[in-house]
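Encoded as structure tokens, the structure appears first; notes follow it.
Atoms within each ligand, like the ligands themselves, are counted from 1 in listed order. Note that the numbering runs from 1 along the sequence shown for the chain. All heavy atoms count here, side chains included; hydrogens, waters and symmetry mates do not.
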Amino acid sequence: MLVSRIPPISVFDAVVAGTAIWAFLKLVRMSRQRVRTTRLRGPPSPSFMFGVGKILMEAEDPASIYESWADEYGAAYEAPAALGRRRVILYDPKAIAHFHAKQTWTYVRTPLSKKAFERGFGRGIFWADGESHIRQRKSLTPAFSIAAIRHLTPIFYDSAYKVKGAWNALMESSGEDGAIIDVQNWMNYISLDTIGLAGFSHNFGALDGKHASVTEIFDSFTLSTPASAINIGVGLLADVFPSLIRLPTRRQRLLRKLNDAMEEISNVLLARTKQDMDAGIVSDKEEKSVIGLLIKGQRSESEFHLSKEEVLAQMKVLLIAGYETTAISATWALIELSRNPDIQTKLRNELIELGPADPTYDQLSNGLPYLDAVVHETLRIHAPVREATRIADEDDVIPLSEPVRTKSGQLVENLSIAKGTAISIPIASVNTSAIVWGEDAKVFNPSRWLEDDHGNSGIPAKAKEVQGHRHLLTFSDGPRICLGKNFAVTEFKAVLSVLVKNFVFELRDGRETKIEMGRGFLPRPRVAGEVGCKTPLRVRPYTG
Ligand code: HEM
């Protein structure tokens, strides 16, 4: 009888063999990439382990670093990433437009962000790519039509007037001509109540002083101390080993808590609305609300069928998308108006000239050029989402508007991109770059948006090459462009119009007060030295 002579394999042998195969396959893939992705110039790597990631994460102003590299290496360059990997950074408008247009198919979420979105919000629109993304987006799109936002405008005003009432009461009780108010907190409340009412016909009551678990958890993100070296390390290495996000860091624990809280709220709202709709006691308006449309989309005969899991995920996505970004933008607007009293006065005069009634949806959209300018200048300088990274899911060629020099010194007019290449768009940097927006790119100057009698604005030709909402990358572009941008801009304008017409804003400690970026779910402004992300302003009633 033949007896097998193969020696038994130990666990250790298996692990070593497995690691060797993994490393070999990685090397093959990397060498394949080296051959096929155009090698570009770029900053040297300060560390094999973290590439330039640690420098960017610890920097006070990463946008300026990206800009200085674009100055030195051109409108497309390479940045070293963790464990010897690299990212292609696009600064060229034509290349960025091409990249955005091919999102969800050619350029997809990185394995890390896919995992993070799934863990945080489920398999909703943020998570989806390709066909699944198209289907989910189509089911949500009607809720964000112009007609839908026009209907929602009174909700935006209601929230703003609640703040006005609360601030007036605060000032009356203090007996003083004004009060020091942490406006960021109030902008959070406005955002939450607005998305609750507009999206889900649900009043969270944050502006009425009700405790909301979601705001409390969001607050916990802002209370965290600067990221520890370990957290930064784990964050950067997770790009290569996405499973590291399972490590129970404080941020991961908070994300889990946030997910649980949002799921609980969403489940209750979903069950209630479904019951009402089934019993026929829902008005046409409610049926067209986001939640109404989601439930319709869940019905099996619907063209864009959504599973129950997807409906819940969409609700969580909308809560998070509607809350953070708008609150951050409104807070920045109030900071900039406090730093620039002349701009504040000019805006107030425009609003007062329109008369005592609140601007209609059409006036908010087209009738108040200076309000429009202030809002877009805020969105330009203070993009809440600071950068985006995707991975090429297939080989591609990216066109450039002007040639760049490769690592070997050759001038090229397009870039070869191999499947697996990571590509980043430094949104905040391009929005505020002197290369794109001219010498005064970093100055808050709403007038650049105003048109003269010939329809010419102060937007430089290079910036006009940038595709995206008003030549900004703030809302992304292409098939993934922010679905809520009209919602956000209208809410932003309505809230600002009420607050600026009724109050005067100053920085508590004077115009030179240093504002820095604090850590929140997204980066948030804060007065340097304040605990958490506080933005205390001196607010006085406007008396004419
Ligand atoms: C100033 C406010 C806002 C900014 C700057 C902003 C920015 C963005 C950006 C950059 C993206 C692309 C994200 C990515 O691809 O990873 C995005 C996507 C999205 N936003 Fe917004 N957003 C804002 C407000 C809102 C609001 C108020 C809502 C909803 C009520 C909303 C809903 C969405 C949705 C559903 C997506 C996913 C779109 C898709 O993947 O097809 N956003 N937003």
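- Without hydrogens or angle criteria, Glu350 side chain to Tyr370 main chain gives a donor-acceptor distance under 3.5 Å.
- No N or O atom of Thr326 sits closer than 3.5 Å to an N or O atom of ligand 1.
- Close to ligand 1: His133, with a non-hydrogen atom less than 4.0 angstrom away.
- The protein heavy atom nearest to atom 40 (O) of ligand 1 is Arg480 NE, 3.0 Å.
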(request) Take Trp167 and Phe503 through the test ring-ring contact (aromatic ring centres under 6.0 Å, His included) and record every step on the way to the result. (result) CA-CA 9 Å; Trp167 288 2; Phe503 299 100; 5.3 Å; yes
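- Side-chain atoms of Arg348 come within 3.5 Å of backbone N or O of Val500 as a donor-acceptor pair.
- The set of protein atoms (N, O or S) found at less than 2.8 Å from atom 21 (Fe) of ligand 1 reads Cys482 SG, by chain and number.
- Using modelled atom types, one finds a donor on one side chain and an acceptor on the other under 3.5 Å when comparing Ser401 with Asp92.
- When non-hydrogen atoms are compared, ligand 1 lies under 4.0 Å from the side chain of Ile195 (C-beta onward) but not from its backbone.
- Checked against a 3.5 angstrom limit, the closest N/O atoms of Ser329 and ligand 1 fall outside it.
- When hydrogens are left out, the protein atom nearest atom 10 (C) of ligand 1 is Thr474 O, 3.3 Å; that is the closest non-hydrogen contact.
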(request) Given ring-ring contact (aromatic ring centres under 6.0 Å, His included), test Phe156 with Phe487 step by step and report yes or no. (result) CA-CA 10 Å; Phe156 304 149; Phe487 182 117; 5.1 Å; yes
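- Of the possible donor and acceptor atoms, none in the side chain of Asp208 sits under 3.5 Å from a partner among the backbone N and O of Lys210.
- By the 4.0 Å heavy-atom criterion, Arg390 is counted among the residues contacting ligand 1.
- Within the 4.0 angstrom cut-off, atom 13 (C) of ligand 1 has no protein heavy-atom neighbours.
- Ligand 1 is never approached by Phe492 to a heavy-atom distance shorter than 4.0 Å.
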(request) Quick one: do Ser329 and Thr378 satisfy side chain to side chain donor-acceptor pair (under 3.5 Å)? Show the steps, please. (result) CA-CA 7 Å; Ser329 301; Thr378 307; over 6 Å; no
(request) Report the C-alpha separation of Arg380 and Asn445 in whole Å, then their side-chain angles, then the decisive distance to 0.1 Å, and conclude whether the side chain to side chain donor-acceptor pair (under 3.5 Å) test is met. (result) CA-CA 10 Å; Arg380 182 182 74 82; Asn445 174 20; over 6 Å; no
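- Remark: ligand 1 and Gln103 share no N or O pair separated by less than 3.5 Å (distance only, no angle test).
- Ligand 1 lies less than 4.0 angstrom from a heavy atom belonging to Pro479.
- Under 4.0 Å from ligand 1, not a single heavy atom of His100 appears.
- Ring-centre distance between Phe204 and Tyr189: not below the 6.0 Å cut-off.
- No side-chain N or O of Gln103 forms a donor-acceptor pair with one of His133 less than 3.5 Å apart.
- In terms of protein heavy-atom proximity, atom 29 (C) of ligand 1 is closest to Phe144 CE2, 3.8 Å.
- What sits closest to atom 37 (C) of ligand 1 on the protein, heavy atoms only, is Phe126 CE2, 3.4 Å.
- Salt bridge absent: Asp182 and Arg526 never bring a charged side-chain N and a carboxylate O closer than 4.0 Å.
- Remark: Lys462 is not positioned above the aromatic ring of Trp437, lacking an NZ or CZ atom under 6.0 angstrom from the ring centre and at most 45 degrees off the axis.
- Judged by the shortest distance from any of its heavy atoms, Gln314 lies outside the 4.0 Å radius around the atoms of ligand 1.
- Contact annotation: for Glu387 versus ligand 1, there are no heavy atoms closer than 4.0 Å.
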(request) With side chain to side chain donor-acceptor pair (under 3.5 Å) as the test, would you mind laying out the steps for His471 and Glu465 before giving the verdict? (result) CA-CA 7 Å; His471 310 300; Glu465 287 176 27; over 6 Å; no
